[in-house]
Amino acid sequence: MPNDTNSENLMIIHDKATADKYYAEFLRIRGSYGRGTASIDKITVPAATAQTVKVTLRAPSTYPITKVKVMAPPKWPDPTAANVTAVKSDGTLLSGNLSFSGNYLYLNNAGLSGNQSVTFTLTNWMAPTIVGDYTWYVETITSSATDPNDYLPVNLQAATLVVQ
């Protein structure tokens, strides 16, 4: 039986530098056509210290984003323990659209499209006393999502924060 519906290719690259270039290009393209890209502004923080942490989500050029969910690492305090703001790249303050549940921060009615971004700033937030790597996750709902509870993961970049 002929296979005439798919045309996947497999390329095996044995050189790490070349593979890294292909992977970087894949992430760049995925960020443009995927569900967005997320980043965090810090790499390391001292344990048990008050911190300001900024998590940014950039919307893709193809899918408008209506809702965003930021999941703080479980050992970090509930985000309501910090002063939290959300600001769109055009300067629009979205903090009035924030809600919280445990270590989840929700942004409803985000209104992101065409490579716009939103930055969540958590000020005076205590870093955990336990040292280690803590991974943050960001998920989105696009305006075309059929189930309003079906969050779609974004391309996470630099989302691990090390507490020392």
Would a 4.5 Å heavy-atom cut-off, applied to side chains only, mark [X] and [Y] as touching?
| X | Y | answer |
| --- | --- | --- |
| Val84 | Thr121 | no |
| Lys42 | Val45 | yes |
| Val163 | Ile130 | no |

Kindly compute the distance separating [atom1] ([X]) from [atom2] ([Y]), expressed to the nearest 0.5 Å.
| X | Y | atom1 | atom2 | result |
| --- | --- | --- | --- | --- |
| Lys21 | Asp15 | NZ | CG | 8.5 Å |
| Tyr137 | Asn103 | OH | CG | 13.0 Å |
| Tyr134 | Trp136 | OH | CH2 | 11.5 Å |
| Thr123 | Trp125 | OG1 | CH2 | 11.0 Å |
| Leu57 | Lys88 | CG | NZ | 12.0 Å |
| Leu112 | Leu94 | CG | CG | 7.0 Å |

For [X] and [Y], work out which heavy atoms get closest and say how close.
| X | Y | result |
| --- | --- | --- |
| Ala86 | Ser95 | N-OG, 3.0 Å |
| Asn109 | Asn97 | O-ND2, 3.5 Å |
| Ala127 | Pro46 | CB-O, 3.6 Å |
| Ile13 | Ala19 | CG2-N, 3.8 Å |

For [X], look at atom [atom1] and say whether over 12 heavy atoms of other residues, nucleotides or ligands are found less than 6.0 Å away.
| X | atom1 | answer |
| --- | --- | --- |
| Asp90 | CG | yes |
| Lys54 | NZ | no |
| Tyr104 | OH | no |
| Leu93 | CG | yes |

query: Linking I/L/V/M/F/W/Y whenever their side-chain heavy atoms sit closer than 4.5 Å, directly or via other members, would Val138 and Val87 fall into one cluster?
result: no
Which donor-acceptor pairs under 3.5 Å do side chains of residues 69-76 form with protein atoms, sequence neighbours excluded?
unit_1: Lys69; atom_1: NZ; unit_2: Glu139; atom_2: OE1; d: 3.2

Looking only at atom types and distance, does a side-chain atom of [X] sit under 3.5 Å from a main-chain N or O of [Y], one as donor and one as acceptor?
| X | Y | value |
| --- | --- | --- |
| Arg58 | Thr37 | no |
| Ser89 | Ser117 | yes |
| Asp133 | Val162 | no |

task: Report the residues that fulfil side chain to side chain donor-acceptor pair (under 3.5 Å) with Thr119, sequence neighbours left out, ordered by chain and then residue number.
output: Thr56
- request: Determine, stepwise, if the pair Leu107 / Phe120 fulfils side-chain contact (heavy atoms from CB on, under 4.5 Å).
  value: CA-CA 10 Å; Leu107 174 60; Phe120 301 89; 3.9 Å; yes
task: Carefully, step by step, assess Gln116 and Val118 under the rule side-chain contact (heavy atoms from CB on, under 4.5 Å).
output: CA-CA 7 Å; Gln116 288 182 318; Val118 60; over 6 Å; no
- prompt: For Met126, which fellow cluster members are found when Ile, Leu, Val, Met, Phe, Trp and Tyr are connected by side-chain heavy-atom distances below 4.5 angstrom, either directly or through intermediates?
  reply: none
field: Full working for side-chain contact (heavy atoms from CB on, under 4.5 Å) between Thr52 and Leu122
entry: CA-CA 5 Å; Thr52 296; Leu122 299 101; over 6 Å; no
- prompt: Given the rule in the side-chain contact (heavy atoms from CB on, under 4.5 Å) test, do Ile65 and Ser113 qualify, once you have shown the distances and angles that lead to the verdict?
  reply: CA-CA 6 Å; Ile65 299 210; Ser113 62; over 6 Å; no
